[in-house]
Each structure stands twice: as C-alpha cells, then as structure tokens.
Amino acid sequence: MAEIRTLDLEFFGATEIIASFLVPVGNGFVLFESGPASSVGALERRVNEEGFDLDDLQAVFATHVHLDHAGGAGVLARRTGCTVFSHPLGAPHLANPGDKLLPSAERIYKDMMVPLWGGTEGVPEAQLRVVEDRESVTVDGLEVVAHFTPGHAVHHVAWQIGDAVATGDVGGVRFRGATHVLPPMPPPDIDVEDWRASLALLRRLEPSRLLLTHYGAFDDPARHLDELEDRLIRWTGIARRILADGGDREALGAALLELDEREMDASGVPPEAAARYRKLCPVKESSAGLYRYCSKQ
Ligand SMILES: [Zn+2]
C-alpha cells in the first residue's frame, strides 16, 4: 500500500481547498496534481515539511489541465526537470498554455487571473509524457495506472496507485467533516453520460481510498461515488425540466442552489466546510456547464 501524503496548497489564503498528493519513491517523490502556479511557494513549504526537497520531484501526474490542478506543472518541470504525465488531449495545453488555455481563463477571471493563478508556464515538450488509457507506468519503483475518465473534462485521467485513486474532479468535491459530494460542472466539457461511465469505471477498480483534489483522502468510496452519481442524475433531471419549461441558466442556478442548501443542512455539513463548497464549487458555475450540456441535446 503506497504511502500517500496530502499537501494543503493554501490556495489564495484558503486552507484545505486544493490538495496535491505526495508519494515517496526511490530517489525522491512524485506528485498527483501540481496545483496552480500561484501555489508553488506553499507547495514547496509543504514538501519540505514532509522531509523532501522540491528538487527531488521525479514526476507530476496531472488529472486534467484546469489551472487549479495543473497550472503549476510547467513551473515545477522547469525548476526540477521532472516528467509530467498527461492525457493526450491535455498535453498540448500543458505545453503551450498561451494558445488556448490562458486566453479562455482570462475571459473568465480578467484582473484576477494572475492573483489567482500566478505565472503559468508551459511544460517543456521533452518532459511531457502522454499516456494511453489503462497504461501502467513505473516511476522510480512506483507503479501508477492511467484511467481515462471524461465527464468533467474530455482530457481527464484518474490515476490508480495501489488501493487508492487520485480522482481529480471526476470523483467530485468534498471537504473535511462532510459526507456531501458535489459534481463540479464548469463549461465547456460537461457530459453527464460520460461522467456516469467514468464513475462505473472507478467503482470497478474497487479502491479503498479516493484522493480528491478538493479536498483530501476519503475511505468510503462506494457510498461517496453513489451519492455523487445520484446528485448528477437529479441535477440533470432538474436542468431538463427547466429547459423544457423555457427556463434560463439563472433559473437553473437558483433551483440547484436552493436544493443544495437544503441538502447540505440535512447532511450536517459543518460551517467551515459549507463555505469551502461555495467558494470552490459554486453552483452558479456548475449550472452554466450543466445547462450547456442539456441544451445541446
Ligand atoms: Zn476541473
């Protein structure tokens, strides 16, 4: 069973909202998720606290290219010479973030782009390693299996490490002290059918731990994945009904927010966790991605 440590990247001053996972290997360590470029300083502090030196980073396994997950991969690759593992569809964005990834993020974040995400840099092509679905790779003695898991993003990979799986965003969002699981559904890639197939795949792996970037390790995978799928199905049903009634995205956002407030209360989500759900996985953003998906059908 691999030894896995959760690193709090203290994103934008907020604790326990974005994680990176450190796994020791023969001559150093590897990371599942780099976090954003803005968190590299916090990442280095955490790595040092765990008794490692950032220069001994052997590899970064990116679940997908969204800036909160892999925005810092280029900075880390240039500094340490590490390999960055990625889905083939994600690799061009990691190599050349200035082409599409950053311009589309700038349209959303505007003046907050650099404060939030830092100076995102490209991963040198020679250090990028594309994987195939179900490919097993070994880094310095550690075996990791890639599982393509679309639904949240077309270029999403879940990484299996022994009995644990780093689920990126396809395994949902959940914070400490809560059982509540939310599907983050930003535009443009959301595909509910693909997402459900990815959840079926995760169940078949029978993991004993899920490693959620947002946030941490959870040891009740079956219940967790069931709740996530149930919420995906119900939210999609609500979206279809609202669309059929001629409702707009705002109507969907209001309906989902009202429902989710009730369900968070009912499941006893602690107040600090409730604030983290709203900050990291705003229902307004998810309703935009879900609305887009349902209106294309
Ligand atoms: Zn994402």
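Atoms within each ligand, like the ligands themselves, are counted from 1 in listed order.
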Protein N, O or S atoms under 2.8 Å from the Zn ion (ligand 1):
4

In this structure, is the centre-to-centre distance between the rings of W117 and F11 below 6.0 Å?
yes

Please check: side-chain N/O of S198 versus main-chain N/O of P150, any donor-acceptor pairing under 3.5 Å?
yes

Residue among D163, T167, D219 satisfying side-chain hydrogen bond (donor to acceptor under 3.5 Å, both in side chains) with R209:
D163

In this structure, is the centre-to-centre distance between the rings of H156 and H87 below 6.0 Å?
no

Taking the six-membered ring for Trp, are F52 and F29 ring centroids under 6.0 Å apart?
yes

Residues, nucleotides or ligands: over 12 heavy atoms within 6.0 Å of R249 CZ
no

